[in-house]
Amino acid sequence: MNMRKLLITTALAGAFFMAPSAQALTVIRQCAAGDISATPALTSQSCAGFYDGNLLNQSNAGTVAGILNGLLGTNTYNAATFNFASFQTLSPLNGATTVDFTQSPFNTKLYGMTLIGVHYGAGQGSPGYGMGPVNPRNGKAANLDTSAFYLFDAGKTGIDKLNLNWQASSNLTLFSTGTAGGVPEPATWALMILGFGGIGAAVRRGKAKVRVGYSMA
């Protein structure tokens, strides 16, 4: 058995909330915090991969949903309804080592907890270069495409550019990121307003009871 390869079952150590139909995955190289970097520095980093093949497409939707849930430690993504078309993907990267998220198709800085996936080709300097099965005819290991996923904190001030510290980048998908200053979404604002209204009503009722009690004394 090639010790550089690790077969991950559909349960992915029981932490990835994989759908029963999701495929088994092969990790051909372990990902690490140093795979990506930015200024200011990223914090609270975790990753999954490098998995064999290009997972950033709809045919692997259920598998990716499980991987993302594993990183988040939640069941946020539903494998049955996971749709890559709902996320922005930059393709092709053409080997770029820096991605500017303020440019199309993302058009946003990254804030707070951010979740991305990166696919690398099999070229020299890539995570999968020389990591495949050995050809008995020439004794050379095959070069493989790989995919990795990262969860990190981009901070409150945000970052615009992310450095990819492997070669042969192919495409990148942004699954989620925060907003400047952590501004709540409209739905969150609505809930907050309702909550404040309820608090205000309770305070007014409390004051009314105090006045009535005082007048009766």
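Position 1 is the first residue of the sequence; numbering continues from there.
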Subject >> Interatomic spacing from CG in Leu172 to CG in Leu90 - rounded to 0.5 Å >> reply: 7.0 Å
Subject >> Results of ring pair (Phe, Tyr, Trp, His ring centres under 6.0 Å) for Phe82 - residues two or more places apart only >> reply: Tyr77, Phe84, Phe87
Original post:
Is it true that Leu68 and Leu25 fall in one hydrophobic cluster, defined by side-chain heavy atoms closer than 4.5 Å?
Top reply: yes
Original post:
Say you draw a straight line from CZ of Phe149 to OG of Ser46; how long is it, rounded to the nearest 0.5 Å?
Top reply: 13.0 Å
Original post:
Which heavy-atom pair separates Ser86 from Asn83 by the least distance, and what is that distance?
Top reply: OG-O, 2.6 Å
Original post:
Cut-off 3.5 Å, side chains only: do Thr89 and Ser91 have a donor facing an acceptor?
Top reply: no
**OP:** Could you tell me the separation between the CG atom of Asn163 and the OG1 atom of Thr98, rounded to the nearest 0.5 Å?
**Re:** 4.5 Å
Subject >> For Leu71 against Leu115, the heavy-atom pair lying closest together >> reply: CD1-CD1, 3.9 Å
Subject >> Any residue meeting side chain to side chain donor-acceptor pair (under 3.5 Å) with Thr102, in chain and number order, not counting sequence neighbours >> reply: Asp100
**OP:** Ignoring hydrogens and angles, tell me if any N or O in the side chain of Ser147 forms a donor-acceptor pair with the backbone of His119 under 3.5 Å.
**Re:** no
**OP:** Flag the pair Phe106 / Thr177 as yes when at least one side-chain heavy-atom distance between them is below 4.5 Å, and no otherwise.
**Re:** no
Subject >> Which residues share a side chain to side chain contact (heavy atoms under 4.5 Å, CB included) with Asn143, sequence neighbours left out >> reply: Ala122, Tyr129
Original post:
Do Val99 and Trp166 belong together in a cluster built from hydrophobic side chains that touch within less than 4.5 Å?
Top reply: yes
Original post:
Is there a donor-acceptor pair under 3.5 Å between the side chain of Asp35 and the backbone N or O of Ala32?
Top reply: yes
Original post:
For the side chain of Thr114 and the backbone of Gly112, is there at least one donor-acceptor N/O pair under 3.5 Å apart?
Top reply: yes
**OP:** Check for a donor-acceptor pair, side chain of Asn60 on one end and backbone N or O of Asn54 on the other, with a separation under 3.5 Å.
**Re:** yes
Original post:
For Lys161, does the NZ atom have more than 12 heavy-atom neighbours from other residues, nucleotides or ligands under 6.0 Å away?
Top reply: no
Subject >> Interatomic spacing from CD1 in Ile116 to SG in Cys47 - rounded to 0.5 Å >> reply: 10.5 Å
Subject >> Joint hydrophobic cluster, Leu174 plus Met113, side-chain heavy atoms closer than 4.5 Å >> reply: no
**OP:** Provide the closest heavy-atom pair for Leu162 versus Ala38 in the form atom of the first, atom of the second, distance.
**Re:** CD1-CB, 4.2 Å
Original post:
For the side chain of Asn107 and the backbone of Ser104, is there at least one donor-acceptor N/O pair under 3.5 Å apart?
Top reply: yes
Subject >> Any residue meeting side chain to side chain contact (heavy atoms under 4.5 Å, CB included) with Ser169, in chain and number order, not counting sequence neighbours >> reply: Leu93, Ala96, Tyr120, Leu164
Original post:
Rounded to the nearest 0.5 Å, how far apart are OG1 of Thr26 and OH of Tyr51?
Top reply: 10.5 Å
**OP:** Please check if Val118 and Leu144 belong to a single hydrophobic cluster, counting links between Ile, Leu, Val, Met, Phe, Trp and Tyr side chain heavy atoms closer than 4.5 Å.
**Re:** no
Original post:
Mind checking what makes side chain to side chain contact (heavy atoms under 4.5 Å, CB included) contact with Thr97, not counting sequence neighbours?
Top reply: Gln167
**OP:** For Gly121 and Ser170, work out which heavy atoms get closest and say how close.
**Re:** N-CB, 4.0 Å
Original post:
If you take all heavy atoms of Leu55 and Val64, which pair is closest and at what distance?
Top reply: O-CG2, 3.3 Å
Subject >> Side-chain donor or acceptor of Asn165 paired with backbone N/O of Gly34 under 3.5 Å >> reply: yes
Original post:
Which value, rounded to the nearest 0.5 Å, describes the distance between Asp145 atom CG and Ser126 atom OG?
Top reply: 8.0 Å
Original post:
Which residues pass the side chain to side chain contact (heavy atoms under 4.5 Å, CB included) test with Ala148, sequence neighbours left out?
Top reply: Phe50, Tyr150
Subject >> Validation row: Ile159, Pro40 side chains within 4.5 angstrom (heavy atoms) >> reply: yes
Original post:
Closest heavy-atom contact between Leu151 and Leu72?
Top reply: CD1-CD2, 4.0 Å
